[in-house]
Each structure stands twice: as C-alpha cells, then as structure tokens.
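Taking it in order: structure first as structure tokens, then the write-up.
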Amino acid sequence: MVERRFRFLQKLAFLGQGHKYEALERDEVDTLIDEQCELKAIEKEKSVLVLPPKEACKCHKEELARALYVDLDSGLSEFAVTQRRLVHGWNEFVADNTEPVWKKYLDQFKNPLILLLLGSALVSVLTKEYEDAVSITMAVLIVVTVAFVQEYRSEKSLEELTKLVPPECNCIREGKLQHVLARDLVPGDIVALAIGDRIPADIRLTEVTDLLVDESSFTGEAEPCSKTDSPLPDSGDLSTLSNIVFMGTLVQCGKGQGVVIGTGERSQFGEVFKMMQAEETPKTPLQKSMDKLGKQLTLFSFGIIGLLMLVGWMQGKPLLSMVTIGVSLAVAAIPEGLPIVVMVTLVLGVLRMAKKRVIVKKLPIVETLGCCNVICSDKTGTLTANAMSVTQLVTSDGLQAEVSGVGYNGKGAVCLLPSKEVIKEFANVSVGKLVEAGCVANNAVIRKNTVLGQPTEGALIALAMKMNLSDIKDSYVRKKEIPFSSEQKWMAVKCTPKNEGQEDIYFMKGAFEEVVHCCSMYNNGGISLPLTPQQKSFCLQEEKRMGSLGLRVLALASGPELGKLTFLGLVGIIDPPRAGVKEAVQVLSASGVAVKMITGDALETAVAIGRNIGLSNGQLKTMSGEEVDGMEQGVLASHVGQVSVFYRTSPKHKVKIIKALQESGAVVAMTGDGVNDAVALKSADIGIAMGQMGTDVSKEAAAMILVDDDFSAIMSAVEEGKGIFHNIKNFVRFQLSTSVSALALVALSTVCSLPIPLNAMQILWVNIIMDGPPAQSSPPPRSPPCLLEWQPPHAQSPHSVFA
C-alpha cells in the first residue's frame, strides 16, 4: 500500500499538484492520502489529459500547453511519459475478442448437424453400440478438424499479410529530438512531421510549413488537405478541422509539429476500431440455411423415431431393441456426409481462391459470394488507384491529347486526338512546351513509384516521364519561387537556362482564371501570338468541359515577365480507375450483381468515376450522405436499390446504406481499404479489404482480403462462390434423397416386424463413403461466361437456398 501510494504522490508531483508533500516521508504520505483521494486524482488526471479534437482545434498554443501540462519547446520528461502511460496505456489497439486456439476448435461443434450427430453417438454409447458411436464420432472429428485447420491457416496468412514494420516517429522529449516507436507516444508528446511520415496519433498542430496531408484512408477524400496551426473559431465535421491531423493519415508535402491529443483507442482511428468491434458480423446465407436445415431434420427425425418406437412398443417389442432401432433411424435420417462434403467443398474453394491471391478468413464466406447480388465499393484506393494522374491535355492552339497509364511512374503514353499518334519529347512543340512548364514549375519528386510532395505535382512529373522529358528540369537553374497560396491560386518559378546567352524565364501553373490574367500571348506551334478574346473563350470552354468530367484542371504558362506570359494550355488530373475495374463491373452487372460506389468525394468527381467504370448505362442515379441521414431506414430501403453512386458519405452513412440494402432482401458485399470503411466492412454479409493499400483496421474487419488490391479478383471469387453454391445445393438434394430412402427402409421393416436390413454402421458407410465422392464430381464454373448463365437468387430469402 505504501509503495503504491508513494507512486501516486509522484504522479501528483508530476501534475503540479503534489509539491506541498515533497518534503514528507513515505509514512507521513501514507497517513495524509487515503484511497478515495487517490481514485479521484487519477480520474482527474485522465480527464485533464484527454482533449477531444473539436475542443483542441479551438485552443491557442499556450492554452494547449497548459491543458496538457507540457512545454512546447522541450516536450515531456521521460518520468512524465512513464506516469502518463500508467493511465493511458500504449498507443496501440488490442482486440478484446481474441480467442484461444482450443476455444476456436470447440466453436466448430456449434453446427446443429454436428450436435445432432454427437447426440446419435451418445445414444449409441448408451445402447452399447460402441462401433457405431466410434464411427459417428470419427466422422464428426474429420469435419470439425478440416474446418478448423483451414480457418486457422487463413488467419495465419492474414497475420503474415499485416506484419508491417512497426510505425516510428520523431518526438521531442527532454529538449531533444528522438526517434521512437509510435506505440510509445502518450498525450502531451511533441511530434515532428515531415514528408512521407505516417501520422502516429491524433495531433493538434502548433507549427506548419506548407503541410499537406492525405486523409483518404480516414475521410475517403482523394484530394490532400492543407493544414494550418491557427486556432479555429468554430469546430465542424472532423474532415474540416484543418489544424488537427489524425492517426493513420499520410504527410504528402511540407512539414509540421504538434501535440498529441489522442492515442490508441482514444484517437479517432480508435473510435472506428471500437465501433467495428461492437458491430456483429451477420451470419452467411449458408450458415442460416444449414441452421434451418439442421433444426428441420432434428424435428422431423425425432418425430418419426418417436412414432416408430411407439408403434414397436405397442407391438410388444423390447424397449432396448426399439432404442437400437431408434439409433439406426436417427443415423438414417441425418445426412452425415453433408457436413463433410460442405467443408471439403468450401476448403477446395478457399484453396483455389488462394492461388488467385485472395485470402478467405472464414470458410462459409466463399459460398456467400455465390448468393451476393449487390457489391458496395469504396472509391479511393479500391475502384481507383489512389494516385493522381493526368488524363487529358488541351494546348492553347486547340490540340487535344489523352494520357494513358496510372500511378507515379513512366508507364503510359501521350496520344494526340483523333489520330492517336504517340508523342515523345518535343515531337509536337505545343504539347512539349506544356509538359515542360508542368515539370519545371514543380517541387515534387518521384522515388520508387512514390511521390514526395503534392500528388498533383507528382502527376505532372509522371506525365513528363511518359514523354521522356522528366530530366528537362535539369536544363534550368532556379533563381526564385513564388509559392502557391489560396489567395492568388498559382505558383511560379524564375529560372535561367543553362545554355549561355538565353534570358531568364518564368514558368507558372495554377487556376485558369488567375493564370490567364498574367498572359498576353498564346502558344501556336511554338510561336507566340497575341491572346485574343476568342482564344480566351475557347480555353474557358475547355476548362469547363474538363471540370464537368470531374477533372482537376491546371493552366500552364511561361514567359520573360509575369505580366507578359504566353499561355500554353490546360491539363486535366484525376484519380483514375484501376486497371480491369471497368471490365469487372460490366461482367458483374451483366450477371445480375449490382455494383454501387460509396465515396466521400464531391458529386462531380464521383459521377465522373462512376461513368468511367460503367456503373450505369443510362442516367446515373446519385444520393448524398446528407440525404441518407435524412431518410428513415424503411424509406431508404425502398430507394437504395436504384442508386448507383453515394457521395459525401461518412462511416455511419456507409453502415446505414448496407443495412438498408440488407433490409430490402439483398446479400451485400462491401469492399474498402480505409479506416472509414471498417465498420461497413464488418456489417456487410461479406467484407472485402485491400491487402496492400488497406489499413490494419479494414483488414481486421473484413472477411476476405484481396492480396494484390485487384478489384477484378472479386469477379473470380464470385464465380467460385457460384460454383460452390450449386455444388452444395445439388449435394443436399442428393444426400437427402439417400437419407429418406434409408429412413423409409428401416421404418417399413419396423412396422412390418421384419429384421432391420441395415444397421447404423452400414447406413453411416453409405452416407459418407458412397455419397461423398459423387457429390464432389461436379466442378465449379471456370470461365467468366458462366457468370452470365447464372442469375442470383433475388427473390429468395437466405433460408431458401436449399429449397
């Protein structure tokens, strides 16, 4: 007690509340501080050091330092860190539903059919039919062991997939910049941020230099957010808090420093994690059908057995003999081969999917895809590459070009329209000058297919790489930079060509209406001509056209003076669809599986991507998160089926949409990769996460992982699921016909007072050995056209799969 209270005194001293006790001895402290005081003080410490983002964003730096008892220059002491960790724990997540291996194994016995078989084995033991009991028990053990081993292997594969290098960060403690593990952070720590850093906790920024943060994994917004260190007058939605950065997001540009205000489960990342754990995973259609079948067989078999035993007893037959007959009847009524064949079919499906780089965490999920008739998908990182790319060019003299290739690399080409001529370097002067300006007026760097800097600038560098102009920047010496600001909406650099005798030149990029004000000429095949009102009007029309397609439009110019620049043209940038997504959506739609996009992006961008991937042949129906919020669940369920694109959505909107679809009778799959997708992934009938770009939380919530982040792999998975659906359905009919025959044979012999023709062991042999192999003889469909021949059970309830 004394030792514990002495540690508590140290906590009080650390908080600045215990200085008057410092000269006292331990025994004096023990008499002065009682148990109730200790508990109250610890609770006070908790409340003092927890600062919600919506409160922290309003604080000035000095108020923040006082609230968190920290010096913004020197940070916390190691002693203070240790004390705070006693209260707040480590900056990590611990799943409280982790089960020991033995419990996971025992859970396999909860299947109603398995319990029914175990009941038969118990009756066999009571009637001293030990051979029957051993045979039935062996069959049960084979079933549960196969299922357990496969699910255990899947979980181990997932663990290997999610074993990332432990996140690290730069933290100021005791006046020194230290490199520490992110899990060591506590509230009040001062963290320094730089380009490429993953944000290790929720942080209120106190210093910012051109800081841009990619929050797509948290908010769903593809465009990086510009951050500030100024207090906000009013706190709105979390995505609007420009002086807060959240755990799990990524620094795209600039640098900053701030105070940790939330760690572990007290961060916004942690809030989603807790929501995900509170959400119950729905049973799969197969599980529901098997449960119903097990209950029906139990009632039916015991009803018949009871009736026949009553008939035999009335005929004067010995009770023990009738119990023995009852065991044979029970074995005849129960399709013992069904659990085995179902498990083997699912395991074979899982193994086939593993070869296609798809990890399935739970066996029944494989069949769920065969019943799935709606796939809801996150946009950023799932349907799109989460890499800004230039897709269109328009030069000031009217030439148009399209750009292929996705990502921050040189893969792709620039093709003139309508001739489709591929352009390299300055083969076309107008296009070459436009690309040159975008490359020189640029601060981004691409390394190993990753952009360091703004994604839009990275897209311009990638464009230059496709034209073999990525080294053009080395032809100039930069003398001056006028940085971008939200007021002027452009940036410019003043450069000197390395070739002697040439004058200085400015390169500018920015919003069209601002850049064109600085231009007096336009580029016409490498010749500068006066910029006329007609030329301005043409460029304005092109800018509006590209904007209507959801593109972010940048204007580019160059010249000797800022007021006398030559307008070069426009580039259109967007986060483009992943390769193969459009084809996958077309095949899924043709087979009756509706694909719906749920994104946090604005309407224009969402609609542009929706059209690009072919979500609708006619008019694309949309619905905003605000509209979803304003609808009752029943009303939403009646409308949600007709909507193809949901925009400006939050995690709670995604869950509401999925539950509305389920309420309307749909079997729903949800794909996603971000923290904002986690709760929806768990609440869907099947959650599908991205293996490479996906966050740990999304992988934890999902039932299936696409290792290569390939949306088109879902098509193969659905195809596999449909084959398994048919195999299981056909086998159930086959097995039940055998069981009914055996049951009728034993029942007829009993009623007619004839010897029992088959004992329990023989019936078991027929059900397992003779019926099992034929059930595996029909392979699943192998080619995509098979998808077109199958229509999902729209009108069926999950319970009618085996009807």
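Computed from a predicted model, the values in this text were never measured in an experiment.
Annotation: side chain of V213 is in contact with side chain of V245 (closest heavy-atom distance under 4.5 Å). With a 4.5 Å cut-off on side-chain heavy atoms, T395 and V431 count as touching. Taking 4.5 Å as the limit, some side-chain heavy atom of L556 sits within range of a side-chain heavy atom of V571. Side-chain atoms of K536 and L531, non-hydrogen and from C-beta on, do get closer than 4.5 Å to each other. Between K582 and N612, the closest side-chain pair of non-hydrogen atoms is not below 4.5 Å. Side chains of F711 and M690 form no contact here, defined as non-hydrogen atoms less than 4.5 Å apart. In this structure, the side chains of M465 and I446 come closer than 4.5 Å at one or more pairs of heavy atoms. For the pair L417 and E402, the minimum side-chain heavy-atom distance is below 4.5 Å.
Sorted by first and then second residue, the side-chain hydrogen bond (donor to acceptor under 3.5 Å, both in side chains) pairs involving residues 427-436 (not counting sequence neighbours) are D397-S430, E436-Y476.
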Q. What do the steps show when you test L562 against M508 for side chain to side chain contact (heavy atoms under 4.5 Å, CB included), and what is the final call?
A. CA-CA 9 Å; L562 284 180; M508 176 186 286; 3.9 Å; yes
(Q) Test side chain to side chain contact (heavy atoms under 4.5 Å, CB included) on F646 and V628; report intermediate values, then the result. (A) CA-CA 9 Å; F646 297 88; V628 171; 4.1 Å; yes
Q | side chain to side chain contact (heavy atoms under 4.5 Å, CB included) between I203 and I244, worked out | A | CA-CA 6 Å; I203 296 172; I244 306 281; over 6 Å; no
Q: Before giving the answer on side chain to side chain contact (heavy atoms under 4.5 Å, CB included), spell out for S475 and K498 the whole-Å C-alpha distance, their side-chain angles and the decisive distance to 0.1 Å.
A: CA-CA 6 Å; S475 303; K498 288 186 177 179; 5.7 Å; no
Q: For E55 and R204, run salt bridge (charged side-chain N to carboxylate O under 4.0 Å, His left out): C-alpha distance rounded to whole Å, both residues' side-chain angles, the deciding distance at 0.1 Å, then the answer.
A: CA-CA 10 Å; E55 295 298 324; R204 163 64 164 90; over 6 Å; no
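Rounding to the nearest 0.5 Å places OG of S548 at 10.0 Å from CD of E543. Taking CD1 of I172 as the start and NZ of K176 as the end, the distance is 13.0 Å to the nearest 0.5 Å. For the atom pair CG of L460 and OG of S470, the computed distance is 13.0 Å after rounding to the nearest 0.5 Å. Rounding to the nearest 0.5 angstrom, the gap separating the SG atom in C539 from the CG atom in L570 is 6.0 Å. Once rounded to the nearest 0.5 Å, the distance linking CG of L551 with CZ of R545 reads 8.0 Å. Note that CG of D575 is 13.0 Å distant from CZ of R552, once rounded to the nearest 0.5 Å.
Checking side-chain atoms of N442 against main-chain N and O of G438 turns up a donor-acceptor pair under 3.5 Å. For K255 (side chain) and I195 (main-chain N/O), no donor-acceptor pair under 3.5 Å exists by modelled atom type. Between the side chain of N243 and the main chain of L205, no donor-acceptor pair closer than 3.5 Å is present. No donor-acceptor distance shorter than 3.5 angstrom exists from the side chain of K564 to the backbone of M521, with no hydrogens or angles considered. The main-chain N or O of A606 is never found under 3.5 Å from a side-chain atom of T599 such that the two would form a donor-acceptor pair. Between the side chain of E457 and the main chain of Q454, no donor-acceptor pair closer than 3.5 Å is present. Looking only at distances, no side-chain donor or acceptor of K509 sits under 3.5 Å from a matching main-chain atom of M491. Although no hydrogens or angles enter the test, the distance criterion places a donor-acceptor pair under 3.5 Å between the side chain of H653 and the main chain of G625. Of the possible donor and acceptor atoms, none in the side chain of S589 sits under 3.5 Å from a partner among the backbone N and O of Q586. Counting only distance, with no hydrogens or angles, the side chain of Q535 and the backbone of S396 share a donor-acceptor pair below 3.5 Å.
Smallest separation of non-hydrogen atoms from V414 and M467: CG2-CG, 3.6 Å. Nearest approach of S644 to L620, heavy atoms of both residues: CB-CD1, 3.9 Å. When every heavy atom of A192 is checked against every heavy atom of D197, the shortest pair comes out as O-OD2, 4.0 Å. The two residues V191 and P200 have their closest heavy-atom pair at CG1-CG, 4.2 Å. The two residues K489 and E514 have their closest heavy-atom pair at CB-CG, 3.9 Å. When all heavy atoms are compared, the tightest approach of V451 to A444 is CG2-CB, 4.0 Å.
By the salt bridge (charged side-chain N to carboxylate O under 4.0 Å, His left out) test, K479 pairs with D504, sequence neighbours left out.
Checking S267 against D202 by side-chain atom types alone, no donor-acceptor pair falls below 3.5 Å. Using a 3.5 Å distance cut-off with no hydrogens or angles, the side chains of T566 and S528 do pair a donor with an acceptor. Judged by distance alone, the side chains of S624 and E627 do bring a donor and an acceptor atom under 3.5 Å apart.
Ion pairing of D378 with K654 is present here, as a side-chain N (NZ or NE/NH1/NH2) and a carboxylate O approach within less than 4.0 Å. With respect to E207 and K61, no salt bridge is recorded, no charged nitrogen being found less than 4.0 Å from a carboxylate O. Salt-bridge formation is not detected for the pair E481/K494: no Lys NZ or Arg NE/NH1/NH2 atom is positioned less than 4.0 Å from an Asp or Glu carboxylate oxygen.
For CG of N443, the number of neighbouring non-hydrogen atoms (other residues, nucleotides, ligands) closer than 6.0 Å is greater than 12. Atom NZ of K473 is surrounded by more than 12 heavy atoms from other residues, nucleotides or ligands within 6.0 Å. Atom CD of Q502 has more than 12 heavy atoms from other residues, nucleotides or ligands within 6.0 Å. For K424, the NZ atom counts as densely surrounded, since its 6.0 Å shell holds more than 12 non-hydrogen atoms of other residues, nucleotides or ligands.
Taking the six-membered ring for Trp and the full ring otherwise, Y522 and F538 have centroids separated by 6.0 Å or more.
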